[in-house]
Amino acid sequence: MTPSDVKATLTFSDGSPSVELPIYKGSVGPQVIDIRKLYAQTGRFTYDPGFMSTAACSSAITFIDGDKGELLYRGYPIEELAVNCDFLETCHLLLYGDLPNAAQRADFTKRVTSHTMVNEQMQFFLRGFRRDAHPMAILTGLVGGMSAFYHDSTDINDPHHREISAIRLIAKMPTLVAMAYKYSCGQPYIYPKNDLSYASNFMRMMFATPCEEYVPNDVLVRAMDRIFILHADHEQNASTSTVRLCGSSGTNPFAAIAAGVACLWGPAHGGANEAALNMLEDVHRTGGIERIGEFIRRVKDKNSSVKLMGFGHRVYKNYDPRAKLMRETCHEVLGALGMGNDPILKLAMALEKIALEDEYFVSRKLYPNVDFYSGIVQRAVGIPVSLFTAVFALARTVGWIAQLNEMIGDPEYKIGRPRQLFSGAVRRQVKPLAQRV
Ligand code: ACO
């Protein structure tokens, strides 16, 4: 961390002595005020629910400029990665800090593909779930369960264990997600095929059957790969912070990633892609484009809990750059499938247009996020709506691991332990049952 020449001075109106706080500069982005010694010096905590102004770590992986709508992985703009690289190159970049050269690419791909199978016992574990279980419930269980299968890579303090668990998680996530899908529709699991690319292997495990081989469509495979790249990391979002907090206790990587999967499930986070498509289908079913005006009125009504899913972001106060790329992919995919007149796409575009011109959305800087279009693409590829968030989890796994490993390697790392502003009852005595009112 580079110290700034400027210092922050905190003064109090009750006469308590003021304190001087160091300020650090990042390579880009806002400076941070170091408050680590604040409690020791003043006996006071800071209060910041939702981490609106708090940097909980220092990181060199992903940078977002929410006002500009810019997203960089290790300094590379997402727009360049999305058109010039594939997902495994992006994984290499996030994990090791740079894009691979040809030899590194071949070596990394070989290491990942040689771990795509899961322990055969996983099938029996999966069999314990109801067939209609939500895929995210299954995935949370299966990923956590991996720690019971791979004992030789559970020591977070051992760099070799961290490396092998990273490769295992990236390699096995597509297999687990496809198994969860096959289980839900009662079809046999399809084993991975290691001469295929990461994305086409996933699609084959999803859509092939023992009686019919899956013939990959290049446009769809490329779209799937792009979905993976766009979702690979997003700095200190809720699920990544969950992984860091969970991993900070020294728990094993599989348990920490399972915590990330659980957090991602929520509709305010990764679950928004499922919620956005359900919303579009609901509006379509109940009147379609004709009903948009009434729907937008409900979204703006403070007494209703209706939100325009796939819109708004804690950090982006401009168009999410991933949404732009996803919108482009959406048109490519629907065009390639002859679905250019898809009513859900038309509805999404009409909703987007109205929202981008409406004062409510403009004044709050609410723009489409990646989830607004990713659901339409996934649906066109043939992925069921309930599996959308699991696909997101598959892609985000590399980001979670890169962030977890960065934290463990950081000499300043400590177990995460937030403080609180207590507002409950002060000390009181337990009364015998007969005297309680
Ligand atoms: N529809 C309608 N109003 C919205 C929306 C929305 N999608 N998002 C925010 N607002 C309004 C809020 O009601 C609030 O209005 P107010 O100032 O009048 O009270 C204002 O905009 C600010 O919103 P906050 O909720 O305070 O913003 P926050 O940063 O806490 O939330 C969030 C961001 C959770 C993403 C929110 O925009 C949302 O719920 N969006 C819909 C869900 C979604 O698409 N999530 C995906 C996020 S991207 C991802 O995880 C990959």
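All ligand and atom numbering here is 1-based and tracks the order in the structure. FYI, the numbering just counts along the sequence from 1.
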**Q.** Which residue and heavy atom of the protein sit nearest atom 7 (N) of ligand 1, plus the separation
**A.** Leu308 O, 2.8 Å

Q) Which one holds for Lys300 and ligand 1: side chain close, backbone close, both close, or neither close, with close meaning a heavy atom under 4.0 Å? A) neither

Q: Could you go through the salt bridge (Lys or Arg N to Asp or Glu O under 4.0 Å) check for Glu281 and Arg379 one step at a time?
A: CA-CA 11 Å; Glu281 286 187 334; Arg379 170 175 157 273; 3.3 Å; yes

Q: Could you see which bit of Asp371 sits under 4.0 Å from ligand 1, with heavy atoms only: side chain, backbone, both or neither?
A: side chain

(Q) For Arg364, which part has a heavy atom under 4.0 Å from ligand 1: side chain, backbone, both, or neither? (A) side chain

Q. Taking non-hydrogen atoms only, is Phe372 closer than 4.0 angstrom to ligand 1 via side chain, backbone, both or neither?
A. neither

Q | Shortest protein heavy-atom distance from atom 41 (C) of ligand 1, along with the residue and atom involved | A | Phe311 O, 3.4 Å

Q) Does ligand 1 have an atom that lies less than 4.0 angstrom from a heavy atom of His231? A) no

Q: Mind listing the closest non-hydrogen atom pair of Pro3 and Lys25 along with its distance?
A: O-CE, 4.1 Å

Q: Using a 4.0 Å heavy-atom cut-off, say whether Leu366 meets ligand 1 through its side chain, its backbone, both or neither.
A: side chain

(Q) Whether Arg44 engages the ring of Tyr39 as a cation-pi pair (distance to the six-membered ring centre under 6.0 angstrom, angle to the ring normal within 45°) should be assessed. (A) no

Q: Look only at the side chain of Tyr181 and the backbone of Ile383, and say whether a donor-acceptor pair between them is shorter than 3.5 Å.
A: no

